Amino acid sequence: MTIRPITIHGEPVLHRRAAEVTQIDDEIRALVADMFETQDAARGVGLAAPQVGVGLRVFTWTFEDSGDAPARGHVINPVLTRIGKTSQEDPDPNEEAEGCLSVPGYSFPLKRSDHVRLTGLDVDGKDIDFEGTGWFARVMQHEYDHLDGYLYINRLNGKWTRRWKKSLRREGWTVPGHTWLPGVDPDPFGHDHADDRENHQHENH
């Protein structure tokens, strides 16, 4: 298994729809293994293949409060259905802030559906079909968005969009070529100094 560099906003693979996996082979199984290794090294709760530069419809997750779904899992060619409606109220900056490994060091609040259904396949070609609620539903939506070329910052409301765009200009993440390597580069979310993911409100995907 290999820890792969994580792509940062501005890399084209993050901003276009990922392709369906047409054959589940050793290359796909190695990709999933590497994604778990990379996600763990980054102390993330989820990771989509475009985030390691691969434009395929695959994502992984590790999240203990997952209900009937696996706490550690992966999905190939997922289909996500939002069962709960997304509130149009302003998001709570303390309770609904998301982070993203491809937007390192930042978090912004965002409303999500609190109930989703996910179907797809695993690396053995077996069917996956479960529902997720609460924060786990948020993780599923965040990763699924990556496969359609969306980052969570593309869904922010007006006030938070303006704040994000200021940060984007400051960082210069409008062009390709920016990555960071978990386990080598400093952790952009400060876990190196406070390794406490359970109490870290802004889960990173």
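Everything numeric in this text was worked out from a predicted model, so none of it was measured. This chain uses plain numbering: 1 for the first residue, then up along the sequence. When reading the values below, keep in mind they use all heavy atoms of this one structure, side chains included, and skip hydrogens, waters and symmetry mates.
- By the 4.0 Å N-to-carboxylate-O rule, Arg82 lies close enough to Asp145 to be salt-bridged with it.
- Nearest heavy-atom pair across Thr7 and Gly53 is CG2-N, 3.8 Å.
- Surrounding CG of Asp68 are at most 12 heavy atoms belonging to other residues, nucleotides or ligands under 6.0 Å away.
- Here the side chain of Glu11 pairs a donor or acceptor atom with the backbone of Gly177 at under 3.5 angstrom.
- Between atom CZ of residue Arg162 and atom NZ of residue Lys166 there is a gap of 8.5 Å, rounded to the nearest 0.5 Å.
- Closest non-hydrogen pair, Pro78 versus Leu118, comes out as CB-CD1, 3.9 Å.
- Cluster annotation: Ile3 and Ile8 are assigned to distinct hydrophobic clusters (Ile/Leu/Val/Met/Phe/Trp/Tyr, side-chain heavy-atom contacts under 4.5 Å, transitive).
- A side-chain donor-acceptor contact under 3.5 Å links Asp25 to the backbone of Ile28.
- With hydrogens and angles disregarded, no donor-acceptor distance shorter than 3.5 Å links the side chain of Gln51 to the backbone of Gln39.
- Contact detail for Val123 and Ile24: the closest heavy-atom pair is O-CG2, 3.2 Å.
- Within a 6.0 Å radius of CD in Glu20, other residues, nucleotides and ligands contribute more than 12 heavy atoms.
- Side-chain N or O atoms of Glu171 include none that pairs as donor or acceptor with a backbone N or O of Ser167 at under 3.5 Å.
- In this pair, Phe136 and Phe63 present their aromatic rings parallel. The plane angle is below 30°, not in the 30 to 60° band.
- At distances below 3.5 Å, not a single donor-acceptor pair connects side-chain atoms of Glu95 with backbone N or O atoms of Pro93.
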Criterion side-chain contact (heavy atoms from CB on, under 4.5 Å) on Val58 and His74, from CA distance to verdict: CA-CA 7 Å; Val58 180; His74 69 278; 5.5 Å; no
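- By the 30° and 60° cut-offs, the orientation of the rings of Tyr152 relative to Phe108 is tilted.
- Considering His178, His15, His146 as possible partners of His9, the one that fulfils the ring-ring contact (aromatic ring centres under 6.0 Å, His included) test is His15.
- Contact of the Val52 side chain with the Leu31 side chain is registered, since non-hydrogen atoms from C-beta on lie closer than 4.5 Å.
- From Leu121, atom CG reaches atom CD1 of Ile76 across 6.5 Å, with rounding to the nearest 0.5 Å.
- Taken from NE2 in His142 to OH in Tyr150, the straight-line distance is 15.0 Å, to the nearest 0.5 Å.
- Panel note: side chain Thr2, backbone Arg4; no donor-acceptor pair is recorded below 3.5 Å.
- A distance-only check finds a donor-acceptor pair linking the side chain of Asp122 to the backbone of Lys126 [under 3.5 Å].
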side-chain contact (heavy atoms from CB on, under 4.5 Å) between Arg72 and Asp40, intermediate numbers included: CA-CA 11 Å; Arg72 185 173 174 86; Asp40 290 347; 2.8 Å; yes
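- Without hydrogens or angle criteria, Trp61 side chain to Val75 main chain gives no donor-acceptor distance under 3.5 Å.
- Closest non-hydrogen pair, Ser113 versus Gly84, comes out as OG-O, 2.5 Å.
- Here CG of Leu14 is found 9.0 Å from CZ of Arg16. Values are rounded to the nearest 0.5 Å.
- Counting only heavy atoms from C-beta outward, the side chains of Thr133 and Asp114 never approach each other to under 4.5 Å.
- Results of the side chain to side chain contact (heavy atoms under 4.5 Å, CB included) test with Lys111 over Arg155, Gln88, Glu89 single out Glu89 as the only residue that passes.
- In this structure, Arg57 pairs ionically with Asp148, as a charged nitrogen and a carboxylate oxygen lie closer than 4.0 Å.
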Worked verdict on Thr119 versus Asp127 for side-chain contact (heavy atoms from CB on, under 4.5 Å): CA-CA 7 Å; Thr119 61; Asp127 288 333; over 6 Å; no
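- With respect to Arg117 and Asp129, a salt bridge is recorded, a charged nitrogen being found less than 4.0 Å from a carboxylate O.
- Remark: Phe130 CZ is packed, more than 12 non-hydrogen atoms of other residues, nucleotides or ligands lying under 6.0 Å away.
- Nearest heavy atoms, Pro91 versus Asn157: CD-ND2, 3.5 Å.
- Between the Gln141 side chain and the Ala137 main chain, a donor and an acceptor come within less than 3.5 Å of each other.
- In this structure, SG in Cys100 is found 7.0 Å from CZ in Phe189, a value given to the nearest 0.5 Å.
- With contacts defined as side-chain heavy-atom distances shorter than 4.5 Å, the pair Trp173/Ser102 does not qualify.
- Side-chain atoms of Glu98 and Arg138, non-hydrogen and from C-beta on, do get closer than 4.5 Å to each other.
- Taking each heavy atom of Ile153 and Trp164 in turn, the nearest pair found is CD1-NE1, 3.5 Å.
- Here CE of Met1 is found 13.5 Å from CE of Met35. Values are rounded to the nearest 0.5 Å.
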